[in-house]
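Reading through the structure tokens given below for one structure.
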Amino acid sequence: QVQLVESGGGLVQLGDSLRLSCAASGRTFSRFNMGWFRQTPGKEREFVAAIRWTGDSERYADSVKGRFTISRDNAKNTVYLQMNGLKPEDTAVYYCAAGSGGSVLYSSPYNYDSWGQGTQVTVSS
């Protein structure tokens, strides 16, 4: 289990950029695959991106592919989500999640064990 704290959310306009950060604590952080999810009121939690613990494999939802980039710095115990070309439909609470390390990057939130508190991203038109 790893403890996660997201930051970097805010209110931006269409086309703007944000970089979310997820600070992790726990001595086994580097062995966790990490994911970003988002959720809006009344909707299920939606997969956004995931990265393998080695940092050499990434997966993205079609809705964000080409606009968002997930990365991690294991030395800093931090995973990032660079969001470019933001759209109003990107508005959501964004959550960082940790899952077991392995070759498979799961898109289901049920495959992740630890979650941060979330950070709000609001994109106005």
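Just so it is clear, the structure is predicted and the values come from calculations on it, not from any experiment.
Using a 4.5 Å cut-off on side-chain heavy atoms (C-beta onward), Val79 and Leu81 make no contact. For the pair Val121 and Leu18, the minimum side-chain heavy-atom distance is below 4.5 Å. Between Leu20 and Glu6, every side-chain heavy-atom pair lies at or beyond the 4.5 Å cut-off. A heavy-atom distance below 4.5 Å is not found between the side chains of Val64 and Met83. The shortest distance between side-chain heavy atoms of Ser7 and Thr119 does not fall below 4.5 Å.
A distance of 12.0 Å separates CD in Gln3 from CG in Asn77, rounded to the nearest 0.5 Å. The distance from the OG atom of Ser124 to the CG atom of Asp16 is 8.0 Å, given to the nearest 0.5 Å. For the atom pair CD1 (Ile51) and OG (Ser71), the distance works out to 6.0 Å, reported to the nearest 0.5 Å.
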Show your working on side chain to side chain contact (heavy atoms under 4.5 Å, CB included) between Arg72 and Trp53 and close with a plain yes or no.
CA-CA 8 Å; Arg72 68 189 298 163; Trp53 71 272; 4.0 Å; yes
side-chain hydrogen bond (donor to acceptor under 3.5 Å, both in side chains) for Gln120 and Thr122? Distances and angles first, verdict last.
CA-CA 6 Å; Gln120 176 71 232; Thr122 302; 3.3 Å; yes
Side chain to side chain contact (heavy atoms under 4.5 Å, CB included) assessment of Gln117 paired with Val5
CA-CA 6 Å; Gln117 84 289 349; Val5 179; 3.9 Å; yes
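Sequence neighbours left out, not one pair with a member in residues 58-83 passes ring-ring contact (aromatic ring centres under 6.0 Å, His included). Annotation: disulfide (SG to SG under 2.5 Å) contacts involving residues 74-125, sequence neighbours excluded, comprise Cys22-Cys96.
Within 6.0 Å of atom CD in Glu89, more than 12 heavy atoms from other residues, nucleotides or ligands are found, so the atom counts as buried in its surroundings. Heavy atoms from other residues, nucleotides or ligands lying under 6.0 Å from NZ of Lys43 number 12 at most. Counting heavy atoms of neighbouring residues, nucleotides and ligands inside a 6.0 Å radius, atom CZ of Arg67 exceeds 12 of them.
Looking at Asn111, its side chain never comes within 3.5 Å of a backbone N or O of Gly99 through a donor-acceptor pair.
For the side chain to side chain contact (heavy atoms under 4.5 Å, CB included) test, residues two or more places apart in sequence or in another chain that qualify with Ser63 are Arg38, Glu46, Ala61. For Asn84, the side chain to side chain contact (heavy atoms under 4.5 Å, CB included) partners are Ser17, Gln82, not counting sequence neighbours. Arg45 is linked by a salt bridge (Lys or Arg N to Asp or Glu O under 4.0 Å) to nothing, counting only residues two or more places apart in sequence or in another chain.
Across Ala98 and Phe32, no two heavy atoms sit closer than the pair CB-CD2, 4.1 Å. For the residue pair Leu4 and Ala24, the shortest heavy atom distance occurs at CD2-CB, 3.6 Å. Contact detail for Ser100 and Asp113: the closest heavy-atom pair is OG-OD2, 3.8 Å. Pairing each heavy atom of Val12 with each of Leu86, the nearest pair is CG2-CD1, 3.7 Å. Summarising the geometry of Arg52 relative to Leu105, their closest heavy-atom pair is N-CD2, 3.4 Å, with the distance given to 0.1 Å.
One finds no salt bridge joining Asp90 and Lys87 here, because no Lys/Arg side-chain nitrogen approaches an Asp/Glu carboxylate oxygen to under 4.0 Å.
Alongside Val93, the hydrophobic cluster contains Phe37, Phe47, Tyr95, Val104, Tyr106, Tyr112, Trp115 (criterion: ILVMFWY side chains under 4.5 Å).
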